[in-house]
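I have placed the structure first, in the form of structure tokens, so that the comments after it can refer back to it.
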Amino acid sequence: MTRPGGGLLVGFFVGTSLEPFDHAVTRAWRWPAGELARRVDAVGFDVIETHAREARGERAVGALRCERRA
């Protein structure tokens, strides 16, 4: 359990809709950043920063830096 004020970093594959895809190890999911942020908020975290990176020939990835609400 993360204490109030504690940090959480969520890395994810970016997509325009929530969709599964085959990854080297297991099934993975592409997430729209806004949808993932809403779910993180619903379980008690504030999203402090959102980052996304898309490079030619690579999967788009993102990260949410979050903080646990009191």
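Everything quoted here is computed from the prediction, not taken from an experiment.
Of all heavy-atom pairs spanning Ala63 and Phe12, the tightest one is N-CE2, 3.4 Å. For the residue pair Val14 and Gly62, the shortest heavy atom distance occurs at CG2-N, 3.6 Å. When every heavy atom of Pro4 is checked against every heavy atom of Ala70, the shortest pair comes out as CB-CA, 3.6 Å. When all heavy atoms of His23 and Ala28 are compared, the pair lying nearest together is CB-CB, 3.8 Å.
Side chains of Thr2 and Phe45 form a contact here, defined as non-hydrogen atoms less than 4.5 Å apart.
Here the CZ-CG distance, from Arg30 to Leu18, works out to 11.0 Å after rounding to the nearest 0.5 Å. Once rounded to the nearest 0.5 Å, the distance linking CZ of Arg65 with CG of Leu8 reads 11.0 Å. Taken from CZ in Arg69 to CG in Asp46, the straight-line distance is 4.5 Å, to the nearest 0.5 Å. Once rounded to the nearest 0.5 Å, the distance linking CG of Leu64 with CG of Leu36 reads 5.0 Å. Between the CD1 atom of Ile48 and the CG atom of Leu9 there is a distance of 12.0 Å, given to the nearest 0.5 Å. Taken to the nearest 0.5 Å, the CZ atom of Phe13 stands 11.0 Å off from the CD atom of Glu58.
Following chains of ILVMFWY side-chain contacts shorter than 4.5 Å, one can reach Val10 starting from Val47, so the two form part of one hydrophobic cluster.
Within 6.0 Å of the CZ atom in Arg53, the count of heavy atoms belonging to other residues, nucleotides or ligands does not exceed 12. Glu54 CD: 12 or fewer foreign heavy atoms inside a 6.0 Å radius.
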